[in-house]
Amino acid sequence: WWMPTRENRNHLTSASSPTSEMSFGAVAIAFIRHTQDDRRRGRHSFPLLDCCFLFRQMGVWIVLGLLACASVFSPALCSKGTDELARGFWIADDKFWKDGKPFQIMGGDIHYFRVHPQYWEDRLLRAKALGLNAIQTYVAWNVHQPRQMEIHFDGFADLEAYLNLAHKLDLLVLLRIGPYICAEWDLGGFPSWLLAQPQLQLRSSDPLFLNLVDAWWSVLLPKVSSLLYNNGGPIIMVQIENEYGSYGNDKKYLGHLVRQARAYLGESVILYTTDGGDRESLERGTIPDDDVYSAVDFPTDSDPVPIFELQKEFNAPGKSPPLTAEFYTGWLTHWRETFAKTNSGQTAKALEKILSLNGSVVLYMAHGGTNFGFFNGANTGADSSDYEPDITSYDYDAPIGEAGDVDHDKFKDLREVFEKFSIASLPDPPLLPLRRAYGDITLRKLASFFDVLNVISEPGNGELVEEPATMESLNQISGFLVYRSKLPAHSKSGSILFIPEVHDRAQVFVWTNPEYGKSDCYCIGVFERWLNHSIPLPDYVSSPGLQLDILVENMGRANYGPFLYDPKGILSSVLLDDVPVLEWTVYPIPLDDISRLMFQVKGNFEQGPIVSQLSTLSSKMMTWSANTRILSGCQSIGFYQGWLHIDKSEDPADTFLSFKGWQKGVAFINGFNLGRFWPIVGPQCTLYIPAPLLRKGENELIIFELEEAKKDLKVTFVDKADFSCPT
């Protein structure tokens with residue numbers, strides 16, 4: 001009763017999937033369109049044939065409507081209009097299909113929690129200008145639930161706002177919900193309070209761990225569900241875990257995650273895993289029995305052809321569109337390394353090869369952003385002491401720089417490749433946000449660290465413990481700890497102080513007995529996780545009963561590898577001549593509210609410059625060599641304050657704060673933690689300050705210097721990033 005012409009067959013083929021899972025809604029639309037075309041062309045010009053036409057059209061509606069409801073669509077969809085019936089994202093014939101047409105994913109990672117929310121739109125528009133039609137982002141559990149009884153979905157954590165913005169800008173989303181994400185992010189995205197339970201096994205089917213994941217997902221996944229593509233949102237795929245094949249082989253754990261995700265997100269959503277493009281990783285990390293799509297990642301210089309062929313072995317027949325879910329545009333950088341860069345021409349060539357194979361790709365990263373605050377992660381190697389913390393910048397040598405820069409070869413070369421495979425012409429990137437070099441400002445000493453210890457510690461009088469306690473056992477998320485005790489009775493000149501396990505860096509101070517109403521404090525050495533050494537006590541600070549202070553910095557929890565369980569602080573006994581030192585007071589220093597310091601320092605003094613009203617101790621400077629480290633008085637360790645003035649006639653601009661000449665520490669602008677600086681080891685010399693953190697008028701800068709301040713107390717605001725330290 002309907003004989004398709006060659007023209008009709010061509011229309012029908014273009015409107016539907018070539019598999020048994022074709023879009024029947026699209027087929028119905030095609031049938032009706034063709035019968036209407038026949039009528040317009042005069043093929044049914046007689047009354048009798050007009051009557052036949054009407055019956056034929058009714059038959060098309062009825063039969064194909066039943067076919068649609070009996071096929072891949074849910075019953076709820078059967079009541080919807082034909083335009084809605086055509087909407088969907090699925091996998092068939094080794095292709096991705098979007099709304100009934102083959103679709104090539106050209107995506108890139110941009111993590112909402114690494115970008116100031118006021119710059120989300122700017123960075124996403126740059127991604128579109130690069131040629132991307134999708135973005136990929138992790139969900140960082142520790143950003144949303146920093147404490148077990150706290151949930152946040154605002155500010156940097158406003159995931160729904162970010163996803164809705166992507167939708168508004170016509171960008172699809174691949175969402176990586178974890179619970180583990182890696183990402184060079186503190187503890188791989190796990191909240192630190194998980195480590196307060198030593199028996200808990202991360203990334204496993206341990207019931208205690210799974211119960212906590214389930215509780216978190218019961219909050220997260222209902223928010224995600226309404227934003228799925230099949231529900232009218234931007235999310236086309238949802239990733240389970242992350243590169244699990246490089247870590248474990250607990251299929252019960254992975255299966256549990258899949259069941260939980262399906263329970264909240266439904267059966268039609270594409271769940272996927274990402275693993276390295278080698279057989280062992282794919283065997284351990286994939287979940288083929290649960291209809292979970294297996295994506296791969298691999299080094300940029302690898303040949304993608306055999307890897308995509310291997311990928312097919314871990315997907316069902318016809319269900320393996322080639323996708324590299326992490327195409328590395330650059331690489332991460334640790335402190336004490338040179339800044340990692342990759343060749344833009346070679347990167348572009350590798351990208352073009354994948355796309356020419358009809359492969360899909362997600363750039364890691366399209367835009368890296370910044371590890372603001374204490375959120376940077378770390379890598380470990382052969383053992384836990386092989387520790388490499390990440391720098392504050394997450395520029396990643398990506399095509400879109402940390403501050404949005406696109407005027408460079410990598411952006412241009414990759415855009416040129418994407419343009420060859422794009423259906424429409426690419427938009428121009430937006431203008432770069434205003435940037436300014438504000439120049440030098442001079443800081444002043446606000447307070448010595450130990451003078452305000454009771455002010456910045458939470459609680460102020462510390463916690464009494466027999467042996468050193470970890471940060472997590474004290475319900476502290478990040479920052480610093482001070483361990484205070486006294487040298488024991490057997491202490492003498494030359495006694496050997498040793499800490500078998502410290503995470504991550506410990507500065508050791510000994511105080512002399514008060515003379516004439518004052519004490520002198522000396523830093524006698526530094527323990528570092530990656531160096532296994534001891535410190536001999538010098539004769540002038542070796543007497544029994546002298547106060548011993550150990551300042552420990554959490555430099556970022558491990559985010560990758562077998563030593564992921566990474567509590568912070570002193571994890572062992574402190575030994576003096578192999579005998580444990582006992583009876584400690586531990587002072588947690590989270591530095592999550594710098595206003596506590598300001599309130600105490602200002603006190604009731606309302607006039608004159610703000611200087612430390614607390615520091616009354618004189619510092620006796622001297623040097624002494626121990627393990628090649630220089631000792632000094634500890635009064636230089638402390639807080640420094642300065643003011644950046646922005647004229648009220650001009651808008652604040654992006655800027656970078658240079659720390660050349662300073663040693664090591666943390667910086668705050670208007671109370672916001674910009675992150676760590678460590679220019680004496682490099683490579684990062686500057687910290688990025690996005691304009692939304694600044695305001696017209698006075699902007700307060702606070703620096704916590706851990707070693708010794710620059711002699712002239714100057715810092716410089718410059719207009720570009722600098723990764724040349726130490727110089």
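Starting from 1, each residue takes its place in the sequence as its number. Everything numeric here is computed off the predicted structure, so don't read it as measured data.
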Review point. For T300, which residues count as a side chain to side chain donor-acceptor pair (under 3.5 Å) partner, sequence neighbours excluded?
Key: none

Check your understanding: For E419, does the CD atom sit with more than 12 other heavy atoms under 6.0 Å from it, leaving out its own atoms?
Key -> yes

Revision key, fill the gap. Those residues at least two apart in sequence (or on a different chain) that pass salt bridge (Lys or Arg N to Asp or Glu O under 4.0 Å) with D390 are none

Review point. Taking the side chain as C-beta and beyond, is there a heavy-atom pair between T137 and Y162 under 4.5 Å?
Key: yes

Review point. Tell me the side chain to side chain donor-acceptor pair (under 3.5 Å) pairs involving residues 426-436, sequence neighbours left out?
Key: D405-R435, R436-E650

Review point. Does R203 count as lying over the ring of Y253, i.e. NZ or CZ under 6.0 Å from the six-ring centre, within 45 degrees of the axis?
Key: no

Exercise for review: In sequence, state the C-alpha distance, the side-chain angles, and the governing distance for L220 and L159, and then conclude on side chain to side chain contact (heavy atoms under 4.5 Å, CB included).
Suggested key: CA-CA 10 Å; L220 171 67; L159 174 64; 3.8 Å; yes

Review point. Does any N or O in the side chain of S281 come within less than 3.5 Å of the main-chain N or O of D278, such that one atom is a donor and the other an acceptor?
Key: no

Review point. Does the side chain to side chain contact (heavy atoms under 4.5 Å, CB included) test come out yes or no for I235 and F89, once each step is laid out?
Key: CA-CA 10 Å; I235 302 172; F89 193 90; over 6 Å; no

**Study point:** L355 side chain reached by K420 side chain, heavy atoms, under 4.5 Å
**Key:** no

**Study point:** Straight-line distance of D397 CG to M365 CE, nearest 0.5 Å
**Key:** 13.0 Å

Review point. Where do P399 and L414 come nearest, in terms of heavy atoms and distance?
Key: CG-CD1, 3.9 Å

Practice item. May I ask you to decide whether K349 forms a salt bridge with D413, counting only side-chain N to carboxylate O separations under 4.0 Å? Key: no

**Study point:** Distance, nearest 0.5 Å, that separates CD1 of I135 from CG of L174
**Key:** 9.0 Å

Study note, to complete from the structure: Sorted by chain and residue number, the salt bridge (Lys or Arg N to Asp or Glu O under 4.0 Å) partners of D170 (sequence neighbours excluded) come out as none

Exercise for review: Kindly assign one of parallel, tilted or perpendicular to the pair Y247 and Y244, based on the angle between their ring planes and the thresholds 30° and 60°.
Suggested key: tilted

**Study point:** Parallel, tilted or perpendicular, as decided by the 30° and 60° cut-offs, for the rings of Y272 and Y293
**Key:** tilted

Check your understanding: For E241, does its backbone N or O pair with a side-chain atom of Q239 as donor and acceptor, under 3.5 Å?
Key -> yes

Check your understanding: Checking side-chain contact (heavy atoms from CB on, under 4.5 Å) against S294, which of L310, T286, I287 comes through?
Key -> T286

Point to revise | Donor-acceptor contact below 3.5 Å, side chain R114 vs main chain E402 | key: no

Check your understanding: Counting distance only, does the side-chain N/O of S225 pair as donor-acceptor with the main-chain N or O of P222 below 3.5 Å?
Key -> no

Exercise for review: Give the C-alpha distance, both sets of side-chain angles, the deciding distance and a yes or no for side chain to side chain contact (heavy atoms under 4.5 Å, CB included) between F113 and F372.
Suggested key: CA-CA 9 Å; F113 46 84; F372 289 119; over 6 Å; no

Review point. What is the ring orientation for F190 with W141, classed by angle as parallel under 30°, tilted 30 to 60°, or perpendicular over 60°?
Key: perpendicular

Revision key, fill the gap. CD (Q104) and NZ (K98) are apart, to the nearest 0.5 Å, by 14.0 Å

**Study point:** Stepwise side chain to side chain contact (heavy atoms under 4.5 Å, CB included) test for I236 and I270
**Key:** CA-CA 7 Å; I236 55 173; I270 298 175; over 6 Å; no

**Study point:** Results of ring pair (Phe, Tyr, Trp, His ring centres under 6.0 Å) for Y138 - residues two or more places apart only
**Key:** H111

Check your understanding: Are the ring centres of Y328 and Y396 closer than 6.0 Å?
Key -> no

Revision key, fill the gap. Separation between CZ (R259) and CG (L254), nearest 0.5 Å, reads 10.5 Å

Check your understanding: What salt bridge (Lys or Arg N to Asp or Glu O under 4.0 Å) pairs are there with at least one residue in residues 155-165, not counting sequence neighbours?
Key -> E160-K223

Review point. According to the interplanar angle, ranging from 0 to 90°, do the rings of F156 and H116 count as parallel (below 30°), tilted (30 to 60°) or perpendicular (above 60°)?
Key: perpendicular

Check your understanding: Measuring from L431:CG to L125:CG, what's the distance to the nearest 0.5 Å?
Key -> 11.5 Å

